[in-house]
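Just below is one structure, and these are the notes that go with it.
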Amino acid sequence: MRLSRLWLPTTKETPADAEIVSHRLMLRAGMIRKLGAGIYSWLPLGLRVLRKVETIVRQEMDRAGAQEISMPMVIPAELWQESGRLTKYGPELLRIEDRHQRDFVLGPTHEEVVTDLIRRDLRSYKQLPVTLYQIQTKFRDEIRPRFGIMRGREFLMKDAYSFHLEADDLEREYRNMRAAYARIFERIGVEFRIVKADSGAIGGDRSEEFHVLAGSGEDVLAVSDASDYAANLEAAEAAIPAVRPSAAEALARVATPAQTTCEAVAGLLGEPLSRTVKLVVVKGREQPLAALVLRGDHEVNVVKAAKHPMVAAPLQLAGEAEIRAAFGCPPGFLGPVGACVPVIADRSAAMLADFICGANEVGFHLRGVNWGRDCTEPVVADLRNVVAGDPSPDGRGRLQLVRGIEVGHIFQNGALYTAALGVRVQDEQGGDRIPVAGCYGIGVSRIVAAAIEQRHDEAGIVWPEAIAPFSVIVCPIGAGQSTAVAEAAQNLYDELAAAGVETLLDDRGLRPGPMFADADLIGVPHRVVVGERGLAAGQFEYKRRGAGAAEMIAATAAAVREKLSA
RNA sequence: CGGGGUGUAGCUCAGCUUGGUAGAGCGCUUGCUUCGGGAGCAAGAGGUCGCAGGUUCAAAUCCUGUCACCCCGACCA
């Protein structure tokens, strides 16, 4: 491709509303342009990268035995009614009406559609297992789209669905997909980590996420420093602490006129924050309220808490009025002693002895409190977010918190959708069975942004070879003055192109500065500079993007190709 | 959805308090000189100041409404 003909609007200045590096670089490199909040056009350079990612995903899905299909984006709302997700999925689901006032949704994910597709034609167990996938534009009406393509409302996703007669066959396919995903991210050339996850709105039993590790990631991951244990913070299990020490102090009431936080109380008493306990009052599932007890230095894990049978899901905090009515005192002085709502203690809080908590009386806290002695033994559960330094749940190493960008998510849904939509299949004995299913998603467009987050420098993008928009850029210097340079560059370009190398010829006639700046910005992995000085010595200058210095090579296409394969 | 903020040239922004000729830098066009890491000089093009009302002799500026976008919180590939 000749750069003079390529629609490549690069900019030196950064648009004001781009926060993270991938968004800035994608705009500056002329890869994308915004049409509205969270909706973007892909320009030629960006689309080439997107297509490369898509191709790798498609190849590996095919290799793993999945079959490509294409399902509609516009879906009759009844189907979502049938699965129960029309209301459950919430406002993120974009609803539209046709001319007959019939309701449709724009598909944010396709469990319903694919399950409907299957139920229409599935008769016999002999048709199973089957894995279908598509690569398609999805629409999710995100509350707050941000970071450009990273969290767009419209985005390209690969979604695959598998159906099985038996759970163990689902497990086999889940592993197969897991391995295919690992190959995909390896081929793309990004550093990733597989983490245990919560299955969220998709629902189901077992799920894992694939994360590209990057400081700008929106997810916090807990990873062990000594094993391969890794989990999303939402799902990371807090290790069970050692046994509870025996009580040593007597219960005492202390005046805390203005201390309404654990920090303030601990400060006043000169005790570590980890000896205090706080009460988080939430709506209960059966009872109106439930009180969660956590150590002062710990935080509630919203996902874990909402899974507890005594807690309403999704988690809702109690209002101040409800708290006053139940405890006879406002938040800030709450404690488990004499509490009249069910108490659930986090494992760490339950293992404390001689702890400090609110007295359920304005202006007073208690110290030397002990479970069993001063208040009833609580229900114990894992309720908190893990913190850096916690022991890894697998018993090996300590947890570190790192950030990641979720680029893939695999689930075993079991019979969640097949049962809801009434899918039936005959088994070997002629019995009626409900098949089980798995689903497997990859954020194709998000991978493009994630790769940039991981691979860039001050000058611009540093593409991994596998998804670079072009392989080589040829930069002639002073081609307007030197026909030798112009011809040598043109010949090199022709020979590389003829050999099937994706080559960009910068024939814009720019001065070296802007030309190199653009080459660095768009991140083409290999750069060949053709200049009069070099040609006089029979040489081109070669530089690998991201490498330190340039080197001189023989002024032939063969020498360049040798560098490409090196 | 709640809280905060911004809409003026392609981009980054000034001008608004105190109403009176719409500006700068970058980018773009043309010419000349330059030419190995975002050149210099000269001449140009380009804006119904987000939109709609209102106040006024006069509105980018004041008032009302409205739309869009951005940032902070709960969701997800």
Side-chain angles (χ1 to χ4, degrees), chain A residues 9-20 23 27-28 30 33-39 53 57 88-93 108-110 135-160 181 197-202 207 209-212 217-219 232 234 302-303 306 314-317 404-411 439-450 458-460 475-482 485 509-521 527 529-535 541 543 550:
Chain A
T10 58
T11 61
K12 195 156 79 170
E13 309 268 342
T14 306
D17 56 7
E19 287 265 305
I20 63 170
H23 189 195
L27 290 168
R28 287 192 51 213
R33 287 293 181 261
K34 184 171 73 176
L35 181 61
I39 46 181
V53 174
V57 170
K88 205 176 150 194
Y89 205 89
E92 220 175 292
L93 187 62
T109 173
H110 278 65
I135 297 174
Q136 183 199 43
T137 298
K138 294 279 189 280
F139 195 95
R140 292 184 187 173
D141 198 359
E142 295 276 351
I143 301 165
R144 193 150 95 78
R146 63 187 134 176
F147 303 152
I149 229 72
M150 185 79 83
R151 175 171 300 282
R153 291 193 293 174
E154 194 180 285
F155 61 100
L156 189 65
M157 173 165 153
K158 187 284 301 177
D159 45 326
Y181 274 37
D198 177 64
S199 47
I202 310 283
S207 90
E209 293 167 345
F210 288 71
H211 281 262
V212 168
E218 292 185 90
D219 284 281
N232 196 305
E234 292 174 348
V302 174
V303 171
L315 195 72
Q316 287 172 276
L317 293 176
I405 300 164
E406 185 187 351
V407 289
H409 200 160
I410 55 179
F411 304 79
C439 76
Y440 320 92
I442 286 185
V444 178
S445 45
R446 182 179 282 179
I447 288 174
V448 176
E458 322 71 52
C475 299
I477 290 182
Q481 284 70 49
S482 161
V485 166
L510 296 182
R511 298 156 48 80
M515 184 161 54
F516 294 156
D518 271 351
D520 288 344
L521 177 61
R527 187 186 76 189
V529 178
V530 179
E532 217 156 19
R533 286 198 322 235
L535 281 185
E541 178 194 287
K543 184 171 183 295

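Chain letters run A, B, ... following the sequence lines, proteins first and then strands; every chain starts at 1. Computed from a predicted structure; not experimentally measured.
Proximity of a side-chain donor or acceptor of A:Arg153 to a complementary backbone N or O of A:Asp141 within less than 3.5 Å is not detected.
Residue contacts shown for A:Gly509 are absent, as no nucleic acid heavy atom lies under 4.0 Å away. Among the atoms of the strands shown, none is found under 4.0 Å from any heavy atom of A:Gly478. Nucleic acid contact class of A:Asp159 (heavy atoms, under 4.0 Å, all strands): none. Residue A:Ala517 is classed as a base contact, given a heavy-atom separation below 4.0 Å to a base. Using a 4.0 Å heavy-atom cutoff across all strands shown, A:Val529 reaches at least one base atom of the nucleic acid. At the heavy-atom level, A:Lys158 lies nowhere under 4.0 Å from the strands shown. Nucleic acid contact class of A:Arg33 (heavy atoms, under 4.0 Å, all strands): none. Note on A:Pro514: a base of the nucleic acid sits closer than 4.0 angstrom, heavy atoms only. Counting any heavy atom pair closer than 4.0 Å across all strands shown, A:Gly513 reaches sugar-phosphate atoms only and no base atom.
Summarising the base pairing, B:A45 is matched to no nucleotide, lacking a Watson-Crick or G-U wobble pair whose two defining distances lie under 3.5 Å. Summarising the base pairing, B:A77 is matched to no nucleotide, lacking a Watson-Crick or G-U wobble pair whose two defining distances lie under 3.5 Å. Taking a pair to require two hydrogen-bonding distances under 3.5 Å in either a Watson-Crick or a G-U wobble arrangement, B:U21 remains unpaired.
Atom P of nucleotide B:C69 and atom NZ of A:Lys34 are separated by 7 Å, given to the nearest angstrom.
The base of B:G37 lies close enough to the side chain of A:Arg527 for a donor and an acceptor atom to sit less than 3.5 Å apart.
Where A:Glu209 and A:Arg153 each meet RNA chain B at their nearest nucleotide, the meeting point lying more 5' is that of A:Arg153. Nearer the 5' end of RNA chain B, as judged by each residue's closest nucleotide, is the contact made by A:Lys12, out of A:Leu35 and A:Lys12.
Only the P atoms considered, B:U66 is 43 Å distant from B:U29, to the nearest whole Å. The P atoms of B:C49 and B:G7 are separated by 15 Å, rounded to the nearest whole Å.
Checking B:G37, B:C35, B:C26 against every side-chain atom of A:Gln481, the shortest atom distance belongs to B:C35. Of all nucleotides listed (B:C75, B:C76, B:C11), B:C75 comes nearest to the side chain of A:Glu92. Across B:G37, B:C35, B:A77, the shortest atom-to-atom separation from the side chain of A:Arg511 is found for B:C35.
For A:Arg144 and B:C71, the shortest distance from a side-chain N or O to OP1 or OP2 is below 4.0 Å.
Taking the 5.5 Å centre cut-off and the 30° plane limit, the aromatic side chain of A:Phe155 is classed as stacked on B:A77.
Salt bridge A:Glu142/A:Arg151: present, at least one basic N to carboxylate O contact under 4.0 Å.
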